[in-house]
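Below: one structure, written as structure tokens.
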Amino acid sequence: MPAITRTAVLLTAAVALAIPAATAHATPAGSPDTAPRVGETVTKPLMAALKALPVREEDRTGYQRTSFKHWVDADKEGCSTRAEVLKAEALTAPKQSAKCKLSGGRWFSEYDDRYVEGPSGLDIDHRVPLAESWDSK
């Protein structure tokens, strides 16, 4: 897993684990409330940290996808941020044709614990999709 992706995932998990559990429903059944103290360093395997994240009901009130700017080519070299991330994180590099259209390639999804063939099978725009992020406001 590329260092940037690993860092982003670990930071997200660490922040979620560093927030004290305010309610018992965030703690798995049968396990003691082991929320770390503020500022405490937490060391956990990635999958365990992801499984420890609390699950909440979704609330899309006021959410509009069009309020968020879509893919840009910030460095003006022909590939959108999405294509650049796909190329950087590929286990097997995709082929790139005109206008940075990607085909082929292979990636590993930590969230699904599976390999993904081809860029169309991936939603990489955000580690947390915009709508899901909106829900957690």
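Note: hydrogens, waters and symmetry copies are ignored here, and every other heavy atom, side chains too, is used.
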Can you tell me how far CG of D75 sits from CD of E84, rounded to the nearest 0.5 angstrom? 4.5 Å
Nearest atoms (heavy-atom pairs only) where C100 meets G78: CB-O, 3.2 Å
Does any N or O in the side chain of T81 come within less than 3.5 Å of the main-chain N or O of W71, such that one atom is a donor and the other an acceptor? no
Show your working on side-chain contact (heavy atoms from CB on, under 4.5 Å) between T92 and W107 and close with a plain yes or no. CA-CA 7 Å; T92 303; W107 294 263; over 6 Å; no
Nearest 0.5 Å please: distance from the NZ atom of K95 over to the NZ atom of K101. 13.5 Å
Where is the tightest heavy-atom contact between P94 and G104, given as atom of each residue plus distance? CB-O, 3.7 Å
For L91 against Y115, the heavy-atom pair lying closest together: CD1-CE2, 3.4 Å
To check you understand the geometry: which heavy-atom pair defines the closest contact between S109 and V116, and what is its length? CB-CG2, 4.4 Å
Just to verify, what does Q64 make a side chain to side chain contact (heavy atoms under 4.5 Å, CB included) with, not counting sequence neighbours? T66, S67
Ignoring hydrogens, what is the shortest heavy-atom contact between K87 and C79? Give both atom names and the distance. NZ-SG, 3.6 Å
Test item: E40 side-chain N/O and V42 main-chain N/O as donor-acceptor pair under 3.5 Å: no
Correct closest heavy-atom pair for L122 and R82 would be O-NH2, 2.7 Å
